[in-house]
Amino acid sequence: MTDTTVTPPDETPDCECGALLDDGQTRCRKCLARDRWARRQAARLRAQRRRGATRRPPRDPHTAAARGVSWA
């Protein structure tokens, strides 16, 4: 007995999780949502590890001349 499966061309394709797919779909809603969550979670973790001291607020002058300091 073999463990290979052959999909006849008239059957609808399955997602990697086993869900049936409609025409034109490559993955089901559940798998798409899981991947979207994983991308957002990775971005959140990257943002938490980022050091706040190295980032300056937007539109904040970062040079002495821009702050109005005169050396005269």
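No experiment lies behind these values; they were computed from the predicted model shown.
Checked against side-chain hydrogen bond (donor to acceptor under 3.5 Å, both in side chains), R36 has no partners two or more places apart in sequence or in another chain. Here E16 pairs with nothing under the side-chain hydrogen bond (donor to acceptor under 3.5 Å, both in side chains) rule; sequence neighbours left out. Annotation: side chain to side chain contact (heavy atoms under 4.5 Å, CB included) contacts of R29 (sequence neighbours excluded): none.
Taking all atoms of both residues into account, the shortest heavy-atom contact from C28 to C15 is N-SG, 3.4 Å. Annotation for L20 and D14: closest pair CD2-OD1, 3.0 Å, computed over non-hydrogen atoms.
Note that CZ of R34 and NZ of K30 are 5.5 Å apart. Values are rounded to the nearest 0.5 Å.
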